2 protein chains.
Amino acid sequence: MSVTTLHRPAHRDALGLLERAFGDGRMVTAFGRCTVEYDGRASSSLGPGDRLVICKPDGTVLVHTDESREPVNWQPPGCTHRASVRDGRLRIRSERSSPDERLDVAFERLEQVTAYEVTDRSDLTLTGSEEDLRQRILDDPSLVEPGFEPTATERETAAGPVDVFGEDDAGRPVIVELKRRRVGPSAASQLRRYVEAVDAEFPDSGVRGILVAPSVTDRAASLLEELDLAFVPVAPPEEDADGGGE
Amino acid sequence: MSVTTLHRPAHRDALGLLERAFGDGRMVTAFGRCTVEYDGRASSSLGPGDRLVICKPDGTVLVHTDESREPVNWQPPGCTHRASVRDGRLRIRSERSSPDERLDVAFERLEQVTAYEVTDRSDLTLTGSEEDLRQRILDDPSLVEPGFEPTATERETAAGPVDVFGEDDAGRPVIVELKRRRVGPSAASQLRRYVEAVDAEFPDSGVRGILVAPSVTDRAASLLEELDLAFVPVAPPEEDADGGGE
DNA sequence: CATTTGATGTCGGAT
DNA sequence: ATCCGACGTCAAATG
C-alpha cells in the first residue's frame, strides 16, 4: 500500500502509524490543531493553531500554516523523529546534535495522519543558473570585452575562488565576477576583495575587476566606480519566448 | 468538515475537489507520481517521480520529495492555481506575473488528494535573533567596550543603515556591526563600507568600526586586521541551560 | 514598485 | 568538521 491514512484517529492508532512510518522510512503528514516549541540556534514558541506537519525519512520536519512558502517551524535533515502520547496529546519530537536542536509538536486535535511510500524519483535539471552564465562567457569571452581571454575558472585567491580569471588584450590580469541577476553593493565588495588579493600576488600588474550581471543598483554602481571596477551588462538568459498555449 | 480526503480518486473527482478547495481558500495536498515543469526566473524540468504537492490559499505551491528541507520545485505566494485534466493526466498549474513564472505539475498516478480547512492561527515568538543581540548591547553597552555610548540604531549612512552607532570614551564615532553567528569576510567588508561612509561625513574624526559576533573565520580575522576594524566576541544567546532530563 | 539586509536561512562543494 | 558562496533564495522593512 502506497498511502495509509487515518482520519481523526485515536492517539493510540496515530502513534502506531507514526512509529511504523518512522521505522520503515516513509514520509508522513499530520494535520490538526497543535503547538510547536523549538530550541536550538534560536528559540521559538508557537501557540495553538491548525498546521500541516511533514516528517521526512531523511530527518526533516516541516510545520506549515496556510501561508508563505516557508515553514513556520522546521528541523533540517539529519534529525531523528519520535512520536509519543503525553497529557492526552500526540507529540512529535525531532532532535539532532551539533548543533543541539529540538522541535516539539503537540497536537491537541489531530484531524488526519498519512504515511506515504516514496519510491520513484528523478533528478531536477535546472537552467539559468550562474553556471550557465559562466558557460556563456567561456563560449564567447568577447561578451566580457574584446580581447578577453579566460585562463581559469574558480581560480583560488587569498580572498576565495574567482569565477573567471583571465587576461585582457594588454596582458593584464582580469577577474570576472558573475551574477545571474541584478546586484547590490555586496557584489562590488566581493569583487574588490578578489582584486586586492590578486593584486597582492602580482604587484603593479594592473589587475582589473569586471562585474558581469544583468544590471546593478545605483549604490552598487557608485561603489564600483569608487573602487575602479568595471561593469558589463549581460542579458538574462532568454525566456523560451514561445508565447504558446491557449 | 475540516479535512476532505480522496484516495486514488478518478480524475474527475480529484478535479472537483481541487476546484472547490481553490475556490473557497482551503489548503490542498496531492500525492502521486508526477512530472514538474517550471519556467520563470530560471527553468527546470523534473522527470516522473513520487512527490507531495502542497497548494496554499495564498498562492504558494510546494513540491516536496522525501528528502531535504527545501521543495524541489515551488511557486511563491501570490500565484493563482488552476487544476485541469488533459491527456489523461490531472494537472495543477500555478502562475504569476512580474516576474512571469509558471509551474506545471502533471500526475500520471494520483494516490491521494486532501483539502484542509485552516482556521486557527497564532503568531510565532522567536528569540535569539540579531534584534535580540542589539537589545543586549543597548542594555549593556560595555559589552562592546568600556565607555561605549550608543547614540542611535539603524543610523543611515551613504552605505546603508548602521546597526548601532555611538561614541567611544574619547568621543570618536563608533560603528557597531552585529551578527548573531560566526561571520566570514563579507561582514568585514560591510562594516568597512559603513566606516568609509561615516568617515566621509566626519573627516579626520577617527571613525572606528567594531564587529560584534560570536566568532569570526580566519579569513575574516585577517581582513578585519587589514582594514583596521575591531572584533568583539559575544557569547551566543544562552541556551536554556536546563540540562534537562532525558 | 525597487532596494537592502537578515535568516534557526539551506545547500553543495572544497579543504 | 569548517569555510565559502549561490540560491528560481524568502521575507520584512523602508523609500
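Since the model is a prediction, treat every value here as computed from it, not as a measurement.
The residue among Ser97(B) and Ala159(B) whose nearest nucleotide of DNA chain C is located toward the 5' end is Ser97(B). Across the interface with DNA chain C, nearest-nucleotide mapping of Glu70(B) and Glu156(A) shows Glu70(B) to be the residue nearer the 5′ end. Place Pro76(B) and Arg69(A) on DNA chain D by their nearest nucleotides, and Pro76(B) ends up nearer the 5' end. Nearer to the 5' terminus of DNA chain D, by closest-nucleotide assignment, is the contact made by Pro185(B) (compared with the other of Pro185(B) and Glu131(A)).
Nucleotides dT8(C) and dT4(C) place their P atoms 23 Å apart, quoted to the nearest Å. Comparing the P positions of dG8(D) and dC4(D) gives an interatomic distance of 22 Å, to the nearest angstrom.
For DNA chain D, none of the residues of residues 186-201 of chain B falls under the heavy-atom distance limit of 4.0 Å.
Ionic pairing of Arg155(A) and Glu201(A) is present here: one or more N-O contacts between side-chain nitrogen and carboxylate oxygen are shorter than 4.0 angstrom. Look at Arg102(A) and Glu95(A) and you find no salt bridge, because none of the NZ, NE, NH1 or NH2 atoms lies under 4.0 Å from a carboxylate O. Salt bridge status for Glu101(A) with Arg96(A): present, with a side-chain N to carboxylate O gap under 4.0 Å. Using a cutoff of 4.0 Å between basic side-chain nitrogens and carboxylate oxygens, Lys56(A) and Asp66(B) are not scored as salt-bridged. Electrostatic pairing of Glu70(B) and Arg69(A) counts as a salt bridge here, judged by a charged N lying under 4.0 Å from a carboxylate O. Salt bridge annotation for Arg93(A)-Glu37(A): absent, with no cationic side-chain nitrogen under 4.0 angstrom from a carboxylate oxygen. Using a 4.0 Å cut-off between charged side-chain N and carboxylate O, Glu196(A) and Arg193(A) make no salt bridge.
Remark: the backbone N or O of Ala42(B) is paired with a side-chain donor or acceptor of Tyr38(B) at under 3.5 angstrom.
Using a 4.0 Å heavy-atom criterion, one finds that Ser68(B) contacts the sugar-phosphate atoms exclusively. In this structure, Pro99(A) reaches neither bases nor backbone, as no heavy-atom distance under 4.0 Å exists between it and the strands shown. Residue-level contact check: Glu177(A) touches the backbone only, with heavy atoms under 4.0 Å from sugar-phosphate atoms and none from bases. Among the heavy atoms of the strands lying under 4.0 Å from Asn73(B) is at least one base atom, whether or not backbone atoms are also near. Ala220(A) comes within 4.0 angstrom of no nucleic acid atom, judged by non-hydrogen atoms across all strands.
Summarising the geometry, the separation between NE2 on His64(A) and C1' on dC10(D) is reported as 12 Å, rounded to the nearest angstrom. Nucleotide dC3(D) holds its C1' atom 8 Å from the CZ atom of Arg219(B), rounded to whole Å. The separation between Arg155(A) atom CZ and dG5(D) atom C1' is 18 Å, rounded to whole Å. Put simply, CZ on Arg182(B) is 4 Å from P on dC3(D), counting in whole angstrom units. For the pair Arg96(B) CZ and dC10(D) C1', the computed distance is 11 Å after rounding to whole Å. Spacing between atom CG of Leu126(A) and atom C1' of dC7(D) amounts to 10 Å, rounded to whole angstrom units. Between Leu211(A) atom CG and dA6(D) atom P the separation is 11 Å, expressed in whole Å. Atom-to-atom, CG of Asp58(B) to P of dC10(D) comes out at 13 Å; the value is rounded to the nearest Å.
In terms of phosphate contacts, Arg180(A) brings no side-chain nitrogen or oxygen within less than 4.0 Å of OP1 or OP2 of dG8(D). Phosphate proximity of dC7(D) to Arg41(B): absent, as no side-chain N or O sits under 4.0 Å from OP1 or OP2. An OP1 or OP2 oxygen of dC7(D) is reached within less than 4.0 angstrom by no side-chain nitrogen or oxygen of Arg181(A).
Here the side chains of Ile54(A) and Val61(A) are not in contact, with every heavy-atom distance at 4.5 Å or above. You'll find the side chain of Leu211(B) stays beyond 4.5 Å of the side chain of Leu229(B), heavy atoms only.
Judged purely by distance below 3.5 Å, without hydrogens or angles, the side chains of Ser215(B) and Arg182(B) pair a donor atom with an acceptor atom.
In the set dC4(D), dG8(D), dA11(D), the nucleotide with an atom closest to the side chain of Ala42(B) is dG8(D).
Put simply, chain B comes within 4.0 Å of DNA chain C, heavy atom to any atom, from dC1(C) to dC11(C), going 5' to 3'.
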